[in-house]
**Student:** 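Encoded as structure tokens, here's the structure I'll be asking about.
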Number of protein chains: 2
Amino acid sequence: MRSAKDDRRVKYTKMVLKESFIKLLSKKDISKITIKEICEDADINRATFYAHYSDQYDLMRKIENELLENISSYITEFAKKSNNFNDVELIEKIFEYIKENAQLCKLLLSKKGDLDFQKRVMMLVYDKNLIDLTNEGIFSREYADYIYSYTITGCVGIIQKWLEDGMDKSTRFMAEMIIRLTTYNNAPK
Amino acid sequence: MRSAKDDRRVKYTKMVLKESFIKLLSKKDISKITIKEICEDADINRATFYAHYSDQYDLMRKIENELLENISSYITEFAKKSNNFNDVELIEKIFEYIKENAQLCKLLLSKKGDLDFQKRVMMLVYDKNLIDLTNEGIFSREYADYIYSYTITGCVGIIQKWLEDGMDKSTRFMAEMIIRLTTYNNAPK
DNA sequence: TTGACTATTAAACACAGTGTTTATTATATT
DNA sequence: AATATAATAAACACTGTGTTTAATAGTCAA
């Protein structure tokens, strides 16, 4: 069962292209990065780039999706190993992951990054693991949807600030704060 | 006191360039929009574009700043006219402005827009007019900063959802919800 | 290790858009 | 009406794009 995806050459090509792209992204905005430039840095033929990606934005999107998958399995792994954990610990895991992968995360989760992607990261936690506000009957349906949006984007803002400040607060401090801020008890039925 | 800014020709040039750019932006991503394309649509010489803007991102930034100023004066105007108003009414004004300028606001405030700009819009309200959480002594300084980030970006998320849903909730409904969500009473000193 | 497979390569291509300059024309302001 | 200057058309060299070609080199399964 031979697949191009498993070919060492392909793996190498994609790896170095991603590395060079990230290196460039830390220096300038994606709109100013050219494909020629990425390929020269990676020492990969330009035609080869086009065999895998349509442009720098496509490459970016694929890096984002990979990060998303990595965070997801990181959390799943944690949930499997420890059979007794609470919400704070789970959210702490997210912060730990970000800290361990700070270089990339700083680029993708900063205020210059793509908000839609950042929301998806937050949804990883909230969709699967946290209290469903509607089911608890605290809020009406129409309220719950808005609260969900508020919570998700609010958390994005928190993480951005944490990254901007050089991640000086502990992961535990952050996780506890998030839990506190996202637990509402002051809205009408 | 003659200034190039006041020249009718300049005003016209800038106006049609902005119009064409916004028209294009509603059809495709800014990264796919070329200066040649903008100029052809606006029927303006390309050299003239460069006399005013460095590229499409520069043009975008200037449109954003203008919108920001317009919202700001819209609010100031309201505050001047009515000598008795509360926070809900003030926030309602923001929603009203967005509704009145839906075409542009949908582009700049949507999830594809620039988060940093969107935060600045939210700060217009929060910095000047709403309760200073720290001063009230409810939160410690380090908490207050994070709560501020959470609140600002959270509000961005709410407005995005409102726009995505076709602004079907009333401006009053939205304003009251925002007030309710951004009034915290469950954090430690 | 061999042989089939295929990813990568260098080179070339036409093409589109960039950013700037030049002399000329058109318009605005006082 | 005179002066100032914004906008223009045309041309420029240049950079990057996306694709194609035939040759090369690396990979994997038997």
Side-chain angles (χ1 to χ4, degrees), chain A residues 1-66 69 107 112 114, chain B residues 1-66 69 107 112 114:
Chain A
M1 201 66 45
R2 185 161 181 197
S3 154
K5 245 189 155 183
D6 301 323
D7 195 309
R8 285 182 194 174
R9 292 170 294 184
V10 176
K11 279 184 185 169
Y12 174 80
T13 299
K14 288 185 174 178
M15 185 191 72
V16 288
L17 282 176
K18 278 171 196 161
E19 281 176 2
S20 295
F21 176 69
I22 289 165
K23 193 206 283 182
L24 289 166
L25 199 59
S26 69
K27 290 179 198 155
K28 53 172 143 176
D29 193 85
I30 186 169
S31 65
K32 305 285 182 240
I33 297 175
T34 67
I35 291 159
K36 187 170 182 266
E37 194 176 17
I38 299 168
C39 293
E40 270 170 10
D41 187 277
D43 196 26
I44 293 289
N45 193 280
R46 211 150 49 78
T48 309
F49 179 98
Y50 287 112
H52 297 293
Y53 310 103
S54 61
D55 56 26
Q56 67 267 54
Y57 297 93
D58 184 38
L59 172 55
M60 171 82 144
R61 228 173 301 124
K62 278 167 180 161
I63 291 174
E64 285 175 349
N65 289 337
E66 242 172 60
E69 275 173 35
L107 289 175
K112 301 191 92 185
D114 173 34
Chain B
M1 200 66 44
R2 181 161 186 198
S3 151
K5 247 189 153 182
D6 301 324
D7 195 308
R8 286 182 192 174
R9 292 169 294 184
V10 176
K11 279 185 185 169
Y12 174 81
T13 299
K14 289 186 174 179
M15 184 191 71
V16 288
L17 282 176
K18 279 171 196 160
E19 281 176 1
S20 296
F21 176 69
I22 288 165
K23 194 206 284 182
L24 288 166
L25 200 58
S26 68
K27 290 180 198 156
K28 53 173 145 177
D29 193 86
I30 186 170
S31 65
K32 306 285 181 239
I33 297 174
T34 67
I35 291 159
K36 188 171 181 263
E37 194 176 18
I38 299 168
C39 293
E40 271 169 10
D41 186 276
D43 197 27
I44 293 289
N45 193 280
R46 211 150 49 77
T48 309
F49 179 98
Y50 287 112
H52 297 293
Y53 310 103
S54 60
D55 55 26
Q56 68 268 53
Y57 298 93
D58 183 39
L59 173 54
M60 170 80 144
R61 226 172 304 122
K62 278 168 180 161
I63 292 175
E64 284 175 349
N65 289 338
E66 243 173 58
E69 274 173 34
L107 289 175
K112 302 190 92 184
D114 173 33

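Proteins come first, then strands; the chains are lettered A, B, ... in the order of their sequence lines, and each starts at number 1.
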**Student:** To the nearest Å, give me how far apart CG (A:D6) and C1' (D:dG26) are.
**Tutor:** 16 Å
**Student:** I need the CG-C1' distance between B:D58 and C:dG19, as an integer number of Å.
**Tutor:** 14 Å
**Student:** Is there side-chain contact between B:D114 and B:M60, with heavy atoms separated by less than 4.5 Å?
**Tutor:** no
**Student:** Taking side-chain contact (heavy atoms from CB on, under 4.5 Å) as the test, write out the residues that go with A:T34, two or more places apart.
**Tutor:** A:K36, A:E37
**Student:** Taking ring-ring contact (aromatic ring centres under 6.0 Å, His included) as the cut-off, I'd like each qualifying pair that reaches into residues 12-51 of chain A, sequence neighbours left out, listed once.
**Tutor:** A:F49-A:Y53
**Student:** Output all residues satisfying side-chain contact (heavy atoms from CB on, under 4.5 Å) with B:S20, sequence neighbours left out; order by chain, then residue number.
**Tutor:** B:I38, B:D41, B:A42
**Student:** Answer yes or no: side-chain N or O of B:R8 and base N or O of C:dT29 forming a donor-acceptor pair under 3.5 Å.
**Tutor:** no
**Student:** Taking only side-chain nitrogens and oxygens of B:H52, does any of them come within less than 4.0 Å of OP1 or OP2 of D:dA6?
**Tutor:** no
**Student:** Sequence neighbours left out, what passes salt bridge (charged side-chain N to carboxylate O under 4.0 Å, His left out) with A:K27? Give chain and number order.
**Tutor:** none
**Student:** Would you write out the dot-bracket form of DNA chain C, 5' to 3', with Watson-Crick and G-U pairs under 3.5 Å, [ ] for crossing pairs, | for pairs to other strands and . for unpaired bases?
**Tutor:** ||||||||||||.|||||.|||||||||||
**Student:** Kindly write out the residues that satisfy side-chain contact (heavy atoms from CB on, under 4.5 Å) with A:D55, not counting sequence neighbours, or none if the list is empty.
**Tutor:** A:I35, A:Y57, A:D58, B:K32
**Student:** For B:K32 and C:dA16, what is the distance between atoms NZ and P respectively, to the nearest whole Å?
**Tutor:** 17 Å
**Student:** Does the pair B:H52 and B:V10 meet the rule for a side-chain contact (heavy atoms from CB on, under 4.5 Å), with working shown?
**Tutor:** CA-CA 9 Å; B:H52 297 293; B:V10 176; 3.7 Å; yes
**Student:** Reading nucleotides 14-22 of chain D from the 5' end, what letters show protein touch, with B for base, S for backbone sugar-phosphate only, - for no heavy atom under 4.0 Å?
**Tutor:** --SBBBB--
**Student:** Using OP1 and OP2 only, check whether a side-chain N or O of B:T48 sits under 4.0 Å from D:dA6.
**Tutor:** no
**Student:** Where along residues 12-25 of chain B does a heavy atom come under 4.0 Å from DNA chain D, residue by residue in number order?
**Tutor:** B:T13
**Student:** Grab the CD1-P distance between B:I38 and C:dG19 for me, whole Å please.
**Tutor:** 11 Å
**Student:** Looking at residues at least two apart in the chain, or sitting in another chain, which of them share a side chain to side chain donor-acceptor pair (under 3.5 Å) with B:D43?
**Tutor:** none
**Student:** Between atom CG in A:D7 and atom C1' in D:dC28, what is the gap in whole Å?
**Tutor:** 8 Å
**Student:** Mind checking what makes salt bridge (charged side-chain N to carboxylate O under 4.0 Å, His left out) contact with A:K14, not counting sequence neighbours?
**Tutor:** none
**Student:** Roughly, in whole Å, what's the span from CZ in A:R9 to P in D:dT27?
**Tutor:** 6 Å
**Student:** Who passes side chain to side chain donor-acceptor pair (under 3.5 Å) against A:E19, sequence neighbours left out?
**Tutor:** none
**Student:** Residues in salt bridge (charged side-chain N to carboxylate O under 4.0 Å, His left out) with A:E69, at least two apart?
**Tutor:** none
